[in-house]
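The shown structure was predicted, so the numbers you read here are calculated from the model rather than taken from an experiment. As the structure lists them, so they are numbered: ligands from 1, and atoms in each ligand from 1.
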Amino acid sequence: MSKEELRDLLIKEAWEGLKNSYSPYSKFPVGAAVMGADGQVYRGCNIENVSYGLTVCGERNAIFNMVVHGCKTFTALAVVTSGKGDAAPCGACRQVMGEFCENLDTPVYIGGGDGEVLETTVGGIMPYPFLKFEGVE
Ligand code: THU
């Protein structure tokens with residue numbers, strides 16, 4: 001699969017993930033999808049709570065969905081929102097991306113309702129990262 005095909009597939013999968021968003025408080029639905037190193041696509045969405053701080057973002061839920069299914073590395077990630085603006089990943093999600101990405105060049109695609117897709121990388125959105133120690137599997 002070419003880089004462009006992977007980007008288009010993950011953006012489509014992220015929009016599918018968004019359909020399950022539970023975001024009645026922010027009304028900012030987010031969907032995400034990662035390509036696992038096992039070749040499977042894993043989706044996520046944001047899930048909010050009346051105790052606002054318990055909210056978990058779409059990106060982290062997609063990555064954790066992958067880990068739950070036995071895969072600990074993703075090779076690309078896409079995130080989309082139908083809310084106003086872009087779903088630029090929050091700091092917590094960037095840190096979790098750093099834990100499970102293949103490397104800092106792993107592509108990150110950020111899409112919005114206008115159809116525009118910003119293409120960056122994990123390293124591109126997380127300069128001077130705190131990463132897992134040498135030898136940690
Ligand atoms: N949110 C995400 O799921 N991902 C992002 O990239 C940004 C923010 C969620 C958290 C919350 O449910 C809502 O969007 C508004 O912050």
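Side-chain contact check for M97 versus I125: some heavy-atom pair is nearer than 4.5 Å. The closest side-chain heavy-atom distance from V80 to I11 is below 4.5 Å. Counting heavy atoms from C-beta on, the side chains of S26 and E48 come closer than 4.5 Å.
Listed for the R43 side chain is no donor-acceptor partner under 3.5 Å among the backbone atoms of A32. The main-chain N or O of F28 is found under 3.5 Å from a side-chain atom of N46 such that the two form a donor-acceptor pair.
Residues passing the side chain to side chain donor-acceptor pair (under 3.5 Å) test with D86, sequence neighbours excluded: none.
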Can you pull every nitrogen or oxygen pair between ligand 1 and the protein closer than 3.5 angstrom?
unit_1, atom_1, unit_2, atom_2, d
ligand 1, 3 (O), G58, N, 2.9
ligand 1, 4 (N), E59, OE1, 2.8
ligand 1, 4 (N), E59, OE2, 3.4
ligand 1, 6 (O), E59, OE2, 2.6
ligand 1, 6 (O), A87, O, 3.3
ligand 1, 6 (O), A88, O, 3.3
ligand 1, 12 (O), N46, ND2, 2.9
ligand 1, 12 (O), E48, OE2, 2.5

